Amino acid sequence: MIDDLLLLCTGVILLYWFILAVASHCKHMQYSKTKCKYRCVVLIPEENQFSNDTDEKASYELITYKNLQETVYSLDREQYDIVILLSNVTGSLSSCLIEKVCNVYDAGIKVIQLHTVIKKRKGIQKYIQSLCEEINNSLFRAGNTQLGFSSNLYGTNMAIDLTWLQNNLKTSKTNLERKLFRQNIYIEYLPDAIVYCNSIPAHLYRKRTRKFLSYFFSSLFEGNWNFCNRIIQQLLPSPTKLYICASIWTLLMTVYDFGESFKWWIILFGLAITCSLAIPDYLVKEKKRKKLLIWKR
């Protein structure tokens, strides 16, 4: 009975993630070029060594901050429209990032999650971290937006409307993601607007599952499917944890009852396919290139 229950739960999660993984490969919406000139300000922590060599330096102003709330409240709404919050490990931005953000903002979207890419991936640990980060990007950001849901918000490496931010940022640790979902504000994800980081940025928001869960029924009755979807994803284990747990259980079932373990091997194979679909090509090609160089030596 326990085995059947675990199989059912894992199978439902697998199907859900597989749909998200397939959806992430669909063509992303292309926003038309804006004719308006929006004013952007990039906020970055003082300890960061940010260097951007793109041609967009003239299109934004860079401000370092010690206290995020104080800095945000000091910004003049008549001078800036969009705030881009970068993490303390951000190294540089991809070309045309500001232009792409302005195009999305012109379409009426107030919040945009940018694509975080780990630049330094030497070593197995860093490479695995990059894989896990990109799987989360594919499933819970690209996959969500392709199905019409909001992207999960990192808390950093994002663009946001200044007016909304000043009205809702109560402290430097305010959970902006929860506020956005509660207000049913759509969060876009731009996979081609890349923020290159030296390591994985720390999440600004604590994972308070009980707090999120308390809003589930009210969001359900209000028809706030964005928030319901986010709460469900918060309750689920990460793809990495589920794959490890499923592997251990599959091996145990193989030893206990070889015939009954076949269904778990199918689940494990399905999880491997889903994760493979969620991994971007640049990480796979990079690994193949390294193997080829080793072979040539």
Side-chain angles (χ1 to χ4, degrees), residues 1-2 4-24 26 28-29 31 69 72 83 85 104-105 107-114 135-191 203-239 241-242 245 274 278:
M1 187 183 231
I2 294 174
D4 291 338
L5 183 60
L6 288 174
L7 184 71
L8 177 63
C9 293
T10 309
V12 170
I13 296 172
L14 170 59
L15 179 62
Y16 176 47
W17 284 351
F18 181 77
I19 293 171
L20 291 174
V22 172
S24 69
C26 297
H28 292 267
M29 181 177 178
Y31 292 89
Q69 183 194 16
V72 168
V83 177
L85 297 175
V104 177
Y105 185 80
I109 296 174
K110 293 183 178 181
V111 191
I112 306 149
Q113 177 63 62
L114 307 176
I135 289 172
N136 289 332
N137 283 335
S138 296
L139 295 180
F140 309 125
R141 295 182 178 94
N144 276 354
T145 53
Q146 290 299 90
L147 292 178
F149 296 110
S150 285
S151 164
N152 289 6
L153 201 64
Y154 220 119
T156 57
N157 297 341
M158 64 180 185
I160 191 166
D161 178 68
L162 174 59
T163 302
W164 187 93
L165 186 61
Q166 288 182 336
N167 291 336
N168 291 271
L169 186 68
K170 304 304 179 184
T171 67
S172 295
K173 295 184 178 181
T174 299
N175 193 325
L176 297 177
E177 183 188 48
R178 189 167 65 237
K179 283 183 174 288
L180 287 164
F181 276 105
R182 286 188 68 187
Q183 296 176 28
N184 205 8
I185 295 175
Y186 180 72
I187 304 170
E188 180 61 287
Y189 173 68
L190 286 183
H203 286 266
L204 296 183
Y205 315 131
R206 291 176 58 191
K207 191 175 180 180
R208 300 173 64 182
T209 306
R210 186 180 298 178
K211 184 77 172 178
F212 259 81
L213 191 59
S214 64
Y215 296 114
F216 182 75
F217 290 106
S218 60
S219 301
L220 191 65
F221 293 135
E222 292 169 4
N224 189 347
W225 309 118
N226 263 330
F227 203 5
C228 291
N229 180 63
R230 180 65 184 95
I231 293 170
I232 291 171
Q233 291 178 355
Q234 179 104 353
L235 294 173
L236 298 180
S238 66
K241 288 180 180 178
L242 183 65
C245 291
T274 301

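Everything quoted here is computed from the prediction, not taken from an experiment.
Scanning all heavy atoms of the two residues, the minimum distance from Met158 to Gly155 falls at CE-O, 3.7 Å. Pairing each heavy atom of Ala278 with each of Ser138, the nearest pair is O-OG, 2.6 Å. Nearest heavy atoms, Leu169 versus Gln69: CD2-CA, 3.9 Å. Here the closest non-hydrogen pair linking Thr156 and Gln113 is O-NE2, 3.5 Å. Taking every heavy atom of both residues into account, Glu188 and Ile109 meet most closely at CB-CG2, 3.9 Å. Heavy-atom minimum distance, Asn167 versus Lys170: O-NZ, 3.3 Å.
Using modelled atom types, no side-chain atom of Thr10 and backbone atom of Leu7 make a donor-acceptor pair closer than 3.5 Å. A distance-only check finds no donor-acceptor pair linking the side chain of Asn184 to the backbone of Asn226 [under 3.5 Å]. Side chain of Glu177 to main chain of Tyr154: no donor-acceptor pair is present (N/O by atom type, distance under 3.5 Å, no hydrogens or angles). A donor-acceptor pair under 3.5 Å links the side-chain atoms of Ser150 to the main chain of Ile187, judged by distance alone.
Residues meeting the side-chain hydrogen bond (donor to acceptor under 3.5 Å, both in side chains) test with Gln183, sequence neighbours left out: Trp164, Asn168. Residues forming a side-chain hydrogen bond (donor to acceptor under 3.5 Å, both in side chains) with Ser151 (at least two apart in sequence, or on another chain): none.
Here NZ of Lys110 is found 12.0 Å from CG of Leu162. Values are rounded to the nearest 0.5 Å. Expressed to the nearest 0.5 Å, how far OG1 of Thr274 lies from CG of Leu139 amounts to 8.0 Å. Atom-to-atom distance recorded for Leu180:CG and Ile160:CD1 is 5.5 Å, nearest 0.5 angstrom.
You'll find the side chain of Thr145 reaches within 4.5 Å of the side chain of Tyr186, heavy atoms only. No side-chain heavy atom of Asn224 sits under 4.5 Å from any side-chain heavy atom of Phe181. Between Ser238 and Phe140, every side-chain heavy-atom pair lies at or beyond the 4.5 Å cut-off. Between Leu220 and Trp225 there is a side-chain heavy-atom pair separated by less than 4.5 Å.
Listed by first then second residue, pairs satisfying salt bridge (charged side-chain N to carboxylate O under 4.0 Å, His left out) with a partner in residues 217-229 number zero, not counting sequence neighbours. Annotation: salt bridge (charged side-chain N to carboxylate O under 4.0 Å, His left out) contacts involving residues 151-160, sequence neighbours excluded, are absent. Listed by first and then second residue, the salt bridge (charged side-chain N to carboxylate O under 4.0 Å, His left out) pairs that reach into residues 153-162 come to none, sequence neighbours excluded.
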Quiz: residues 15-24 side-chain donor-acceptor pairs under 3.5 angstrom, not counting sequence neighbours:
{"residue": "Tyr16", "atom": "OH", "partner": "Asn229", "partner atom": "OD1", "Å": "2.5"}
{"residue": "Tyr16", "atom": "OH", "partner": "Gln233", "partner atom": "NE2", "Å": "2.9"}
{"residue": "Ser24", "atom": "OG", "partner": "Ala21", "partner atom": "O", "Å": "2.6"}

Worked verdict on Leu242 versus Leu14 for side-chain contact (heavy atoms from CB on, under 4.5 Å): CA-CA 10 Å; Leu242 183 65; Leu14 170 59; over 6 Å; no

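Remark: of the listed residues Phe216, Phe149, Tyr215, Tyr215 is the sole one forming a side-chain contact (heavy atoms from CB on, under 4.5 Å) with Phe227.
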